[in-house]
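Notes follow the structure.
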There are 2 protein chains.
Amino acid sequence: MDDGEVLPAEMCSLREVLDLVGDKWAIRVLIQLGDGPRRFSELERALAGVSRRMLSLTLRGLERNSLVTRKVYPEVPPRVEYTMTPHAAELDEPLHALSAWAAKHRAKVSAARQAFDVG
Amino acid sequence: MDDGEVLPAEMCSLREVLDLVGDKWAIRVLIQLGDGPRRFSELERALAGVSRRMLSLTLRGLERNSLVTRKVYPEVPPRVEYTMTPHAAELDEPLHALSAWAAKHRAKVSAARQAFDVG
DNA sequence: CTGAATCCGCGCGGATACTG
DNA sequence: CAGTATCCGCGCGGATTCAG
């Protein structure tokens, strides 16, 4: 199997994943949560440049697809913890592989981009 | 190494990759090219729903980052072939892993989304 | 502290027409 | 066939304000 022919199913699956974590902030959130549960404000600090609105929307989206769980502690001041779900944790390895690719080809791609922009 | 602690470098690398292939059409183009060189009109047909403009822009972006190469044949009518670069081909395995994750958890995620939307 | 609601500018992307 | 150019609507996302 897998003689180089890529089935349409793969295409769909890939787009599904990217629709889940392809947003600007989703990946960063997941990486943070991969290190342990985080509070809203902790994420806000960790993800430099994120607006409160976008962080909120990103977390909603991840929660909606059951990639994170939201736990509210009835205290004052209120505390909310976000945690990775088990199957979201399984994304870790595939993501590592992608990251490794980037690390390996970063220079090449960067150089190509500069050359392209010049010419 | 890798005791669960995720380094900032990973975050950057991952976003780099997603910035390269996270667009709506880039992945589909790469998958097509993974099956062999393709002409513009072939891609246009294969990627149902893509506009000529977006396909053009997507190919430009991929070419800019040296993920595809563009070969023009001086004929009439003109013919242009797009081909995957070697390092883009190396994305195949990581992408497969992601695809596998999607296939495995598709039902779970889909159900979660429905439940979330109802509640 | 953790959001939701509103306003608004800007860029993405579709439709259409034109070119080599 | 393989694009580019232009126009334009719509949604993403920032800034700000209000709420539990």
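Protein chains get the first letters and strands the later ones, always in sequence-line order, with residue 1 at the start of each.
Distance, E42(B) CD to dG3(D) C1': 16 Å, rounded to whole Å. Nucleotide dG3(C) holds its P atom 13 Å from the CG atom of L62(A), rounded to whole Å. The distance between atom CZ of R39(A) and atom P of dC1(C), rounded to the nearest whole Å, is 7 Å. Between E81(B) atom CD and dC1(D) atom C1' there is a gap of 13 Å when expressed in whole angstrom units. Rounding to whole angstrom units, CD of residue E75(A) and P of dG20(D) are separated by 20 Å. Atom-to-atom, CG of L57(A) to C1' of dT6(C) comes out at 13 Å; the value is rounded to the nearest Å. Taking atom CG of L55(B) as the reference point, atom P of dG3(D) lies 8 Å away to the nearest angstrom. Following rounding to the nearest Å, M54(B) (CE) and dC10(D) (C1') show an atom-to-atom distance of 15 Å.
Each of R38(A), R70(A), K71(A), Q32(A) was checked for a side-chain hydrogen bond (donor to acceptor under 3.5 Å, both in side chains) with Y82(A), and the lone residue meeting it is R70(A).
A sub-4.0 Å separation between OP1 or OP2 of dC1(C) and a side-chain N or O of Y82(A) is absent. The shortest distance between the side-chain N/O atoms of S41(A) and the OP1/OP2 oxygens of dT2(C) is below 4.0 Å.
Here the side chain of K24(B) is nearest to one of dG14(C), dC1(C), dC1(D), namely dG14(C).
Side-chain atoms of T85(A) come within 3.5 Å of backbone atoms of S66(A) as a donor-acceptor pair (strictly under, hydrogens ignored).
DNA chain C lies under 4.0 Å from at least one heavy atom of each of the following residues of residues 43-53 of chain A: R52(A), R53(A).
Of the residues near DNA chain D, D23(A) and P78(A), the one whose nearest nucleotide (by heavy atom distance) lies more toward the 5' end is D23(A).
The shortest distance between side-chain heavy atoms of E81(A) and R79(A) falls below 4.5 Å.
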For Y73(B) and V80(B), what are the C-alpha separation, side-chain angles and deciding distance, and is it a side chain to side chain contact (heavy atoms under 4.5 Å, CB included)?
-> CA-CA 6 Å; Y73(B) 294 86; V80(B) 178; over 6 Å; no
Start with the C-alpha distance between W101(B) and L20(A), add both sets of side-chain angles, then the distance that settles side chain to side chain contact (heavy atoms under 4.5 Å, CB included), and finish with yes or no.
-> CA-CA 12 Å; W101(B) 182 94; L20(A) 293 180; 3.9 Å; yes
Would you tabulate the side-chain donor-acceptor contacts of residues 112-119 of chain A under 3.5 Å, counting partners in other chains and residues two or more places apart, or write 'none'?
| from | atom 1 | to | atom 2 | distance (Å) |
| --- | --- | --- | --- | --- |
| R113(A) | NH1 | N65(B) | OD1 | 2.7 |
| D117(A) | OD1 | R64(B) | NH1 | 2.6 |
| D117(A) | OD2 | R64(B) | NH1 | 2.5 |

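The local environment of CD in E93(A) is sparse, with at most 12 non-hydrogen atoms from other residues, nucleotides or ligands closer than 6.0 Å.
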